[in-house]
Amino acid sequence: MMGGMKNAEIAEIFEEIADMLEFLGDNPFRIRAYRNAARALFDLEDPVEEVAKGGAEALEEIPGIGHDLALKILEYLETGKIRKHEELKAKVPRGVLEVMRVPGVGPKTAKLLYEKLGVDSLEAFRKALESGEVLKLPGFGERKRERLLKNLDLVEAASKRWPLGAVLYEARELLRLLKELPEVENAEIAGSARRYKETVGDLDFLAATREGAKVAEAFTKLAPVKAVYALGPGKATVYISPGIQVDLKIVPPESWGAGLQYFTGSKAHDIHLRRIAQQMGLKLNEYGVWRGEERIAGATEEEVYAALGMDWIPPPMREDLGEIELAQKHALPRLVTLEEIRGDLQVHSKWSDGKHTLEELARFAAEMGYEYLAVTDHSPAVRVAGGVPPEKMKERIAEIQRVNEKTGGKPYLIAGAEVDILPDGSLDYPDEVLAELELVLVSIHSRFSMDEETMTKRILRAIENPYVHVLAHPTARLIGKRAPVKADWEKIFARMKELGKAVEIDGYYDRMDLPDVLARRAREYGLMFTLSTDAHQKDHLRFMELAVGNAQRAWLGSEQVLNTRPLKALLDWAREVRKG
DNA sequence: GCCGTTTTCGGCCCGACTGTTTTCAGTCG
């Protein structure tokens, strides 16, 4: 079991403690310590209960966890509760924390609302705003009332985070319009989108210009902008449909690199860098690296990192998970790039639930500049997908061969299938059918909520089949819709390594499976990967970019990605796997 | 509450915008 439930559970409790301490006006540095610890646990690759076997001392090895919090973690693992958390819950009404999540409401305002007006829920907050009661409070005017009412609507309407692929292309369109403004010298999408995080809470844009006020104002008037939240000479916050927040930050051109570095984050990465700057007697902010009053770097990101004594770090790695130390030692791995990808290894055709014929797919692959493309239609168990019955497989393979003859194999269609892993771990095609296929993916499409032990056995049995090459979208999760299946990934990855089989990073935007944390773990086991889009229609092929982004977040190089290999080498690998 | 080639005590990342304040607090990223 990986990363795991307990890590997330305890992280959430620490976050809640931080929120409640903030409401109570506690020491801000203690609050930050709880938040740092929550993040550390959330990012921790090992299950915290494993670490805890080494006692409090082992837990204290985790950066951000000291003696006190180590004891609280042990307390939770033993009793399922943390006393401090329970005590705080008695003092802070649950609804107050929800009120604090409305933009513009922090701990001070929440406290005022609670103490003077008894606001202890979103409903009570709405009433106090609509009735005008809030105007009695110090620091409240009509403009603030309207603003908060609008933000309350947003909170109640908006789902908290969006899968990156659901907003990225809209963001790129907005970026194009921003770049067309005559005063803009440079502009880029920054933030978690630039780091290819699987979901984004908002979008961060950076622009370099000498005319900040002009650009900020023009930005708020671009076509996709539906509402303006804030507008100043250095910053604007707007909403684009539907309910997606976009922040624009503005810096002068000589600060472009420092601004891009700063607003790309992650927050943990930035704070670590600023601490290093401080230790070197320098200061790092969004305008540059400073020695006293003198700016010694800032025009490019490379320059900023160099001034801090390290190599430029690719954005997907910027999570403060050890990349800064590697950059200081000039030992960063070389990450796989989109240009190195020679073909897509999971695509569906009209033979199952895809929209296009084999011939059309070959044409699209050529347009993408691909050398090959694996056609991996479903097996029949996935009823809604109209899977290919076994008796039709010969006919299907013959058609694939016909298309290849017609195109001269440029690009080459690989005869594959995405074969369903049945509940008992057996496969949805007999071995004779699997043997005819050049590439066999296996994956789960039913009975997602088995217990961990049964699910682990199910997956192990499937990958043991000698004809199988790839475990596709291994966790079967759908972002925001379906939880990942529970399985002992440590055991599964270890066995896959022995068998020489590969795991997939499915870049389809609401799958993104393996997720980054598990992909990192699989890399540590030395597994090979395939990157794919799971495309069912032409415009899904663009999700390869997301798969590559996630691979970069897992620090993968091209040597670990099978579809960077030329066709012959890929097919050789597939044959080798079957020899065992 | 964490942490240590300035420190086991005394620090803890840094700046912008809003709305109300008439010099700044609160909030956010």
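Below, chains carry the letters A, B, ... as their sequence lines are ordered, and counting in each starts from 1.
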Decide if atom CZ of A:Phe23 counts as having more than 12 heavy atoms of other residues, nucleotides or ligands within a radius under 6.0 Å.
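Atom CZ in A:Phe23 is crowded, with more than 12 foreign heavy atoms closer than 6.0 Å.
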Is atom CD of A:Glu57 surrounded by more than 12 heavy atoms (other residues, nucleotides or ligands) closer than 6.0 Å?
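Not more than 12 within 6.0 Å, no.
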Which part of the nucleic acid does [X] contact within heavy-atom distance under 4.0 Å: base, sugar-phosphate only, or nothing?
X	value
A:Glu22	nothing
A:Gly64	sugar-phosphate
A:Lys283	sugar-phosphate
A:Thr109	sugar-phosphate
A:Val251	nothing
A:Leu231	sugar-phosphate
A:Lys111	nothing

Look at A:Tyr287 and B:dA16 and indicate whether a side-chain polar atom (N or O) is within less than 4.0 Å of OP1 or OP2.
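It does, given that an N or O in the side chain of A:Tyr287 lies less than 4.0 Å from OP1 or OP2 of B:dA16.
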Taking N and O atoms by type only, does the side chain of A:Asn36 place a donor or acceptor under 3.5 Å from a partner on the base of B:dG1?
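Flag unset: no donor-acceptor pair detected.
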Taking N and O atoms by type only, does the side chain of A:Tyr262 place a donor or acceptor under 3.5 Å from a partner on the base of B:dG15?
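Such a pair does not exist between side chain and base.
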Name the pairing partner of B:dT18, where a pair is Watson-Crick or G-U wobble with both distances under 3.5 Å, or state none.
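B:dA25 is the nucleotide pairing with B:dT18.
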Starting the side chain at C-beta, find the nucleotide from [options] nearest to [X].
X	options	result
A:Asp202	B:dC17, B:dG1, B:dG29	B:dG29
A:Lys235	B:dC17, B:dT27, B:dT18	B:dC17
A:Gln278	B:dA16, B:dG1, B:dC14	B:dC14

What is the distance, to the nearest angstrom, from the CZ atom on A:Arg39 to the C1' atom on B:dG29?
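Computing the A:Arg39:CZ to B:dG29:C1' distance gives 14 Å.
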Interatomic distance where CE belongs to A:Met100 and P belongs to B:dG29 [whole Å]:
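Atom CE in A:Met100 sits about 13 Å away from atom P in B:dG29.
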Which heavy-atom pair separates A:Ala236 from A:Phe219 by the least distance, and what is that distance?
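Answer, listing the atom of A:Ala236 first, then A:Phe219: CB-CD2, 4.3 Å.
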Using the ring of each side chain (for Trp, its six-membered ring), is A:Phe14 parallel, tilted or perpendicular to A:Tyr34, with breaks at 30° and 60°?
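The arrangement is perpendicular - the two ring planes meet at more than 60°.
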